[in-house]
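Since the structure comes first, as C-alpha cells, the remarks are kept for the end.
Residue indices begin at 1 and follow the sequence shown. Please read all numbers here as calculations on a predicted model, not as lab measurements. One-based numbering, in listed order, for ligands and for the atoms of each.
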Amino acid sequence: METVKIWVQGIVQGVGFRPNVYRIAKRLGIRGSVKNLGNLVEIIAQSDENTINEFIRKLSYEKPPVSKINSIEYEKINSSGHFSDFKIIKSSLNSTGTSIIPPDLAMCDNCLKELKDKNNRRYNFPFIACTDCGPRFSVIKSIPYDKNKTTMDEFPFCPQCLQEYENPMDRRYHAEASSCSICGPSVKLYNKQAKEIRTENPIKKAVNLLDDGNIIAIKGIGGTHLVSNLEDDIILKLRKRLNRINQPFAIMSPDIKTIKTFADINIYEEKSLESIEKPIVVAKKSKNYSFPDSLAPYLHNIGVVLPYSPIHYLLFNYTNQLAYIMTSANIPGEPMLINNIDILKNLNTIADYFLLHNRKIANRCDDSVIRYVDGNLSFIRRSRGYVPAPYDLRRYSKDLNILSLGSELDVTFTIVKDGFGFVSQHIGNTNKFKTYQFLQEAIEHLSIITSTDNFDLIAVDMHPQFFTSSLGLELSKKYGCELIKVQHHHAHGAVLAFDNDVDELIVIAADGVGYGEDKTAWGGEILYTDIKSYQRLGSLSPQKIPGGDISTKYPARFLLSALSKEYTEDELKEIFKGYVKFFKYGEKEIDMVLKQSEKDFNTPVTTSIGRVLDAISVALGICGKRTYEGECSMKLESVAFKSNSNLKIDLKFNKHENRPVLDTTAILKEVIEMKNKGLDIKDIAKAGQYAVAIGLAKMAVDAAKLKNINVIGGTGGVFYNESITKTIKEYVREEGFTFVGHDNSCSGDGSISLGQAIIASVRNR
Ligand SMILES: [Zn+2]
Ligand SMILES: [Zn+2]
Ligand SMILES: [Zn+2]
C-alpha cells in the first residue's frame, strides 16, 4: 500500500477536472481526496504501486476536453492512516499560486442534444451550460471560480439544479454557470423605445423580425451582436447606420454543410470552425458564392462562424436563412456594448429591435478571428474562446510580475504572473476615450482574477504619444516600479521567437507602422533578435508621408511623393491626370503635395510596407481611399489572387545609413509604367506584391548569412496576406533556411503586449 500526493497544474478549475479525477479514482478503487489549490489540483491517492501509476497516466489521457495540463508532479508521502473512500474536498481559501480561469466555451454536444430534446427539462433553454461548456471568463468577477463570484450569483439554483451541482457523478457537478428555465436568466425582446414586446417566444419573434428586414441587437455570451439578414438593401441600411462604408461583415451559418455551399473550406478551417473555441474563420468565397457584393466588397474571402451560444442555435431553429450578419454591436471605434441600458440607449439609431437577457457580462470579449495562411493557422484576433488561457513563459522568468500595454491599435495587454503570460481579450483602438477606459477596467479585472496586486516591471511601446505609453508611466509611478520602452518590431520578433521556441532569428517585420529608434515610422524591416536585444539589418527605402495620417487615408499622396524622386513635375502632372479623383481636394492638392514633399513640410518618414502596398493599390485604381484598417492592401490581395501570370518587376537595392534598403520608388515606377502599357491590372497587382515580398526575403537571407543564423521568420499584419507569405516562405526555403511564422499568437499588433512582456522577462538575464 502506497500513498502519493499529486499536483496537477494548468487549466484545471471550472472545467470539471476534480469530478473527473473522482470518477477515475472510483473506477480504479483508489482512496484519498482531490482539492483545488489556486492553479493546482492536489490529489492524495492511496493504493498499490501499479494502480497509482495507472491512475497518474489516466489523469492526462482522460482529462476533460476543456482542461489543459501544464505539469503533473508527485511524491510519496508517509500517511498516518488509511482512507476509507475517495472525496472531493471544498476549495480551500488559503490556496496558493495563480488561478487559471478557463475561457468562454461554445455549447457542447451533450447540451445541444438536451436543447433539442422535447422531453428534457432544458428543451430550448437559451442558457443551457455544463462543466464542458458555457461562459467562464465573461461572467467571473473574482476568484476562486465559484458561482457566488460570478454574475450567475443573481440566479440561485432551484432544487433540481442544486442536486446536479452537488452530485460528483453528474455532468453538472460544480458547473457554476448551470441553470434552468426555473432558476436561470431569461430573454426579452424590446423595441426602439426600450419597451418590452410581450410574446411567448422572444427568440422566434426576433427571427421573424430579422427575416422581415429588421436589424436586431442580440446579446450573447461575452458581448452583443448586430444581426441582420443578407439582402442587399438591408446590408446597405446597416452600413449607413454604422457609417461603415466598406469594411466586411462576418456572418453566422447554422452548420458547416451550409457554409460549404458558399465558401471553400479546407479540413483545417473545418476543424477550427467546429472547435470549442468557435472563432470567426476568414475563408475563401467559393464559385457558388452568391451573397450581395455589399457584404464583403471587393474581397475574395469572407468571415464565417458557427453558432456558439444556445441563443444562436435557437435563432436558426426558426429560419431557413443560410446565414445572418453577426457583427459586434458598438458605436464605431468604441468597445462592444454589454450592458442592457447602454445597448438600448446607444444603439437605438442603429438597431430596430433588441433581444436581451438579464445575465450581466462581467468582461466583454469580442469574437476571435483566424485565417489559414498557406495551411498555417494565423490569429487575426485572439479573444473569446482563447482568453484568458495563458502562455507558458516560465523559460524566460518565473518570479517577475510584469504588465505590458501593447501599442495603439488592436491593443491587448499582458500580465505575467508566476511565469505565465495572460494576454487580455481584444481591447481595440486606445485613442478613443471609451476604449482607453475599457483598457483600464480590463487591467483591473485581469489583475483580480490572476491575484496580481503589484508589478515589478511595466513595458510600453517606444512611441512617446500613445495613450498606452502614458498609462504605463502613470502605473509605474503607482506601483513604484521600472518602466521599459520596447521598439514595436522588436516586440513582434520576440513573439515569433517564443512561438517557435528559438533563442535567436532573423525577423521580417512587415506591417503598418511602428515607432522606430530613429523617430521614423518603421514597418518593412529586417531585424536580428536574440529576444533581449535587436539590430536593424535592412528595410524598405525610407519614403515621405506628406501630411502624415491624411496620406494613410488617401494613399495617392504617398504614391505621388514617392514617384517625385523619379519623374519631373510635368511628367507627374501628366501621370496623375488619371488620379485626380483619388485626392480629397482634387488637382490643387497635387501641387500642394509636391511642394510639401520638396520642402519637407509635415512629411514624416516611413519604411512601412503597408504604405507601399496601399500605393500599388491606388496606382492600379483598385482602392483610392481607406475606410478601414488594411482596406487598400486587402483589396490588392484579392485582385492579385485572380492572376496566374509570371510577370516580374526588377528589383533595385541601395544603401541607406549603412543598411541595405529595397528601393520602393523603383517598384512603384514600374507598376505605373506597366499600367500605362496596358498590362492586365490583376497581373500587375500580383507582380507588385511579389516584388516587395521577394525584396524583403532577399534582404533577410543576406542578413541570415551575415549573422550565420538558420532561422528566418515573418511577423506583422502583412503576413495575413497569403501570397506575400508564400513568396517569402518559398524563397527562404529554396535558399536553405528555415522559415517560421506565428502558430499560436497574432501576427498583427494583438501580440505586441506579449512581445513586450517577453522582452521585459529576459531583461536581467
Ligand atoms: Zn455543455
Ligand atoms: Zn434550475
Ligand atoms: Zn505591428
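Looking only at its N/O/S atoms, H488 has NE2 as the one nearest to the Zn ion (ligand 3). Residue-level check: among N/O/S atoms of D511, OD2 sits closest to the Zn ion (ligand 3). Of all N/O/S atoms in D749, OD1 sits nearest the Zn ion (ligand 3).
Applying the ring pair (Phe, Tyr, Trp, His ring centres under 6.0 Å) test to Y720 and every residue at least two apart in sequence or in another chain returns nothing.
Between E631 and K635 there is a salt bridge, with a side-chain nitrogen of the basic residue lying less than 4.0 Å from a carboxylate oxygen of the acidic one. We find that E114 and R171 are joined by a salt bridge, their nearest charged nitrogen and carboxylate oxygen being less than 4.0 Å apart. D614 and R611 are joined by a salt bridge, as a carboxylate oxygen and a charged side-chain nitrogen come within less than 4.0 angstrom of each other.
At the Zn ion (ligand 1), the vertex angle linking SG of C130 with SG of C111 is 110° (nearest 10 degrees).
Both tests do not hold together for R384 against F137: distance to the six-membered ring centre under 6.0 Å, angle to the ring axis within 45°. Remark: K63 is not positioned above the aromatic ring of F17, lacking an NZ or CZ atom under 6.0 angstrom from the ring centre and at most 45 degrees off the axis.
Y534 pairs with exactly one of E517, Q487, E504, H489 by the side-chain hydrogen bond (donor to acceptor under 3.5 Å, both in side chains) rule, that one being E517.
If you look at the Zn ion (ligand 2), the protein N, O or S atoms less than 2.8 Å from it are C158 SG, C161 SG, C180 SG, C183 SG.
For the Zn ion (ligand 3), the N/O/S atoms of H492 include one lying under 2.8 Å.
Between the side chains of T607 and S539, no donor N or O sits under 3.5 Å from an acceptor N or O.
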